[in-house]
Every structure is written in structure tokens, then in C-alpha cells.
Protein chains: 2
Amino acid sequence: MQFSVGVEYSLHCLLYLVDVNERSVGIKDLAAYQGVSESYLSKFFAKLKKNGIVESVPGAKGGYRLARAPETITFWDVVEAVEGSEPFFKCTEIRQNEIILDRSNLPASHTKSPCLIHKVMDEAEAQMKHFLQSKTLKWLYDEVQNKVPSVHIQATKEWFERNL
Amino acid sequence: MQFSVGVEYSLHCLLYLVDVNERSVGIKDLAAYQGVSESYLSKFFAKLKKNGIVESVPGAKGGYRLARAPETITFWDVVEAVEGSEPFFKCTEIRQNEIILDRSNLPASHTKSPCLIHKVMDEAEAQMKHFLQSKTLKWLYDEVQNKVPSVHIQATKEWFERNL
DNA sequence: TTTATCGTGGATAATAATTATCCGCGATAC
DNA sequence: GTATCGCGGATAATTATTATCCACGATAAA
């Protein structure tokens with residue numbers, strides 16, 4: 001039960017895209033700046049694009065930029081884009097296998113009402129989802145703006161703009 | 001990002017162990033009753049035992065029983081026992097790789113204060129944890145007692161007691 | 001118009017996690 | 001003594017994650 005590194009990569013990258021408004025940043029730069037694999041990172045951006053979080057600018061001097069305002073991009077959006085939207089807990093309806101049951105004539109208690117364990121696990125995921133939906137990219141950006149020395153933020157900005 | 005089937009297996013099994021007080025139920029019966037693999041299920045019970053959720057009775061007519069009161073066994077306890085206690089999000093401190101940094105002399109903002117993304121993801125896990133800690137095995141047992149027809153509950157109980 | 005750059009999608013593969021089985025050991029009931 | 005049962009280790013099949021490479025089309029700049 002672990003999130004893939006794509007979640008970490010994506011969130012860090014998106015943070016750099018906030019400052020880039022109508023322009024765009026290439027995978028090459030994003031990968032180089034953070035010292036991660038370029039080709040692997042591009043796979044996650046394909047997912048972010050498919051989920052409407054970023055949009056791409058094809059061709060030379062192309063790259064990616066946010067597809068919508070950072071206020072509307074939540075941590076959950078990113079998790080869902082990268083990890084897919086399968087629920088954390090997949091219930092195999094093990095209860096319908098109980099040896100004392102007639103498989104061709106299951107009681108309503110085993111088919112109509114939901115599996116309680118399944119329900120609890122889905123609710124647990126919903127708790128996490130709710131929390132992550134409350135944290136936006138804009139919020140993260142503002143927090144970082146406050147916590148990281150402005151000289152470093154400025155240097156980062158200049159690095160990404162160095163060859164535009 | 002998925003829970004292993006061990007979580008589902010374990011929770012369902014533990015439910016059957018609530019009624020069994022000083023006695024014990026063997027893996028063989030638990031597996032047969034639910035139509036799952038005996039040898040695989042035994043792996044999860046080894047983890048449940050190591051985490052103090054169940055205790056074992058060795059030898060013939062042996063098996064497992066709860067190691068403590070069902071009021072004190074939470075869904076989270078089971079998830080942690082089966083899945084291990086590694087956090088869902090492992091932060092690789094990607095920020096310390098920023099190309100503009102001097103790796104041998106990192107700024108305090110990148111070492112002293114925690115990575116915000118890491119912090120948010122840990123808090124998200126804590127939300128789920130908190131919820132799952134509020135759901136006990138006793139609660140689940142009582143809910144099932146209310147929702148499942150008593151005739152079925154009785155039949156289940158009798159099946160497990162059929163050869164004691 | 002050529003050339004270099006960049007996203008895109010597919011193929012491929014290495015590594016790790018999950019799922020699963022089997023066997024021999026020691027403990028215990030009968 | 002013998003059959004039963006938990007226990008731990010070895011092993012393997014399957015799937016997911018991590019990762020690379022390449023050919024393609026689109027585009028900017030020369």
C-alpha cells in the first residue's frame with residue numbers, strides 16, 4: 001500500500017508550473033532541475049494531461065503548463081491522475097463464498113445490503129480524499145512562498161527562464 | 001495504491017473469531033468456510049499473531065483465537081498488521097536534488113523544515129488512520145449481528161462448532 | 001526549406017510487490 | 001504412536017512499478 005513516486009514527482013513539478021503562466025516548461029528542464037529521469041517523468045505528464053491538470057505545447061520550445069487555475073487543482077486530483085481511480089480496497093465479495101450458502105440462491109443480506117467491511121474501507125478512503133481535496137496547488141504554492149527564502153525562489157524562477 | 005487481499009481475508013476471519021472465546025478455530029476451517037487458500041491465509045495469520053491481534057493454540061485441534069477483546073481491535077490494527085507500518089507516501093526528498101543547490105551545503109529551508117508535500121500526504125494518511133481506528137471489531141460484529149438474519153448467524157456458528 | 005527541439009505513444013525490460021504453493025519441523029490431542 | 005495443526009522457509013507465478021528507447025508528428029528558428 002504505497003503511492004507511486006509519480007505522485008511526488010508530479011506535485012513537485014506542478015509547483016514549478018504555477019509561475020509559468022502562458023509560457024510552458026519542457027520535461028527536459030523539469031527533469032534536469034530535479035535530477036530525475038526525463039523519459040519516466042514524461043509518462044506521468046501524459047497522465048496529468050489526460051486528466052486535464054496540465055496542457056501541452058507541441059513542437060520546439062514546447063512543454064507543459066497548467067490547464068487550469070492552481071486554486072482548482074487539488075492534491076487528490078493529482079493522486080487520482082497518477083494512480084488511477086480504482087478504489088484502494090477491492091472487495092472480492094468473499095462473503096458470497098460462505099460454504100453454507102447456496103450459490104444459486106444467495107440471501108438478500110449477502111447481495112442487497114453492502115458488505116460492511118467494504119463500506120468501512122471505502123469511507124476510510126473518502127476521509128483521505130476529502131482531506132486531499134482541501135489542499136490545492138495554490139495553497140501549496142503560497143505556503144512554499146512563505147517558508148522558502150525568497151532568494152532561492154528567485155533563483156529557481158531564473159533557472160527556468162534562463163533560456164526562454 | 002491498493003490494499004492487499006490479506007486485509008479483506010483477515011477482517012472477515014476475525015469476525016468469525018469473536019464468537020469463539022476460549023476455544024480456537026483452525027486455518028483449515030476458516031479457509032474452507034470462505035473458499036480461500038489455506039496456505040495463503042496462514043501467512044496473514046502469522047502477521048496478525050506477530051502484531052498481537054490473535055494468539056495461536058499449537059498442536060492437534062489447535063488454531064487461532066483473538067488475543068484481546070474485540071473492542072480493542074480496530075480496522076487500522078488489522079491494516080497495519082497485514083500491510084506493515086510503512087507510510088503510504090515515501091518522500092525521496094526530491095527537493096534536495098534541485099540543480100541550483102550545493103549538495104554539500106544545503107540551505108536550512110531544505111533540511112530543517114519538513115517537505116510540505118510529504119507533510120500533507122502524511123496528514124492524509126493520518127485522516128484515514130483516525131477513521132479506521134474508530135471502527136472496532138466489536139462494532140463490526142454488532143452491526144453484522146443486526147443486519148444479517150439470525151438464522152444465518154446461527155448456521156455459521158454451528159458450522160464452526162460442528163467438530164469440536 | 002531544412003534542422004533541431006519537443007511532446008506522444010508504443011514497445012520493451014528490469015525490479016519489486018503481491019499472490020500463492022509446498023514441505024519439514026515441533027507441539028499437541030487422542 | 002499417529003494424525004492434526006501452527007510455524008517458518010523456500011520457491012514460484014503473476015502483476016505492478018520503475019525505467020529506457022525509439023519513431024512519429026508538430027513546431028520554432030535558422
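Letters A, B, ... are given to chains in the order of the sequence lines, protein chains preceding strands, and every chain is numbered from 1.
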**Student:** Would you please name every residue forming a salt bridge (charged side-chain N to carboxylate O under 4.0 Å, His left out) with E123(B), sequence neighbours left out?
**Tutor:** none

**Student:** Assess whether salt bridge (Lys or Arg N to Asp or Glu O under 4.0 Å) is satisfied between R23(A) and E161(A), documenting all intermediate values.
**Tutor:** CA-CA 10 Å; R23(A) 284 164 295 137; E161(A) 287 173 355; 3.5 Å; yes

**Student:** Could you tell me if the side chain of C91(B) sits less than 4.5 Å from the side chain of I117(B), heavy atoms only?
**Tutor:**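 Side-chain contact under 4.5 Å: no.
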
**Student:** Applying salt bridge (charged side-chain N to carboxylate O under 4.0 Å, His left out), name anything that partners E93(B), two or more places apart in sequence or on another chain.
**Tutor:**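 Residues passing salt bridge (charged side-chain N to carboxylate O under 4.0 Å, His left out) with E93(B): R95(B).
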
**Student:** Could you run down the sub-3.5 Å N/O contacts of the protein with nucleotides 28-30 of chain C?
**Tutor:**
from    : atom 1 : to     : atom 2 : distance (Å)
dT28(C) : O2     : A60(B) : N      : 3.0

**Student:** How long is the straight-line distance from CG of L11(B) back to CZ of F75(B), given to the nearest 0.5 Å?
**Tutor:**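 Between F75(B) CZ and L11(B) CG, I get 5.0 Å after rounding to 0.5 Å.
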
**Student:** Less than 4.5 Å apart, any side-chain heavy atom of I153(B) and any of K157(B)?
**Tutor:**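 Not touching, per the 4.5 Å side-chain cut-off.
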
**Student:** Which is the 5'-most and which the 3'-most nucleotide of DNA chain D that has an atom under 4.0 Å from a heavy atom of chain A?
**Tutor:**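 Listed 5' to 3', the contact boundaries are dT18(D) to dA28(D).
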
**Student:** Can you tell me how far CG of L41(B) sits from NE2 of H12(B), rounded to the nearest 0.5 angstrom?
**Tutor:**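 Separation between the atoms: 12.0 Å.
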
**Student:** Is the shortest side-chain heavy-atom distance between E98(B) and W159(A) below 4.5 Å?
**Tutor:** no

**Student:** For a quick check of understanding: with a heavy-atom distance under 4.0 Å over all strands, which category does G63(A) fall into, base, sugar-phosphate or nothing?
**Tutor:**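 The residue G63(A) makes sugar-phosphate contact but no base contact.
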
**Student:** Enumerate the residues from residues 37-50 of chain B whose closest heavy atom to DNA chain C is under 4.0 Å, giving them by residue number; use none for an empty result.
**Tutor:** S37(B), S39(B), Y40(B), K43(B)

**Student:** Are any non-hydrogen side-chain atoms of V148(B) and T156(B) less than 4.5 angstrom apart?
**Tutor:**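 The answer is no; the side chains never approach within 4.5 Å.
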
**Student:** Between F3(A) and V25(B), just flag the one whose closest nucleotide in DNA chain D comes earlier from the 5' side.
**Tutor:**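 Its nucleotide being nearer the 5' end, the pick is V25(B).
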
**Student:** Taking salt bridge (charged side-chain N to carboxylate O under 4.0 Å, His left out) as the cut-off, I'd like each qualifying pair that reaches into residues 31-57 of chain A, sequence neighbours left out, listed once.
**Tutor:** E55(A)-R65(A)

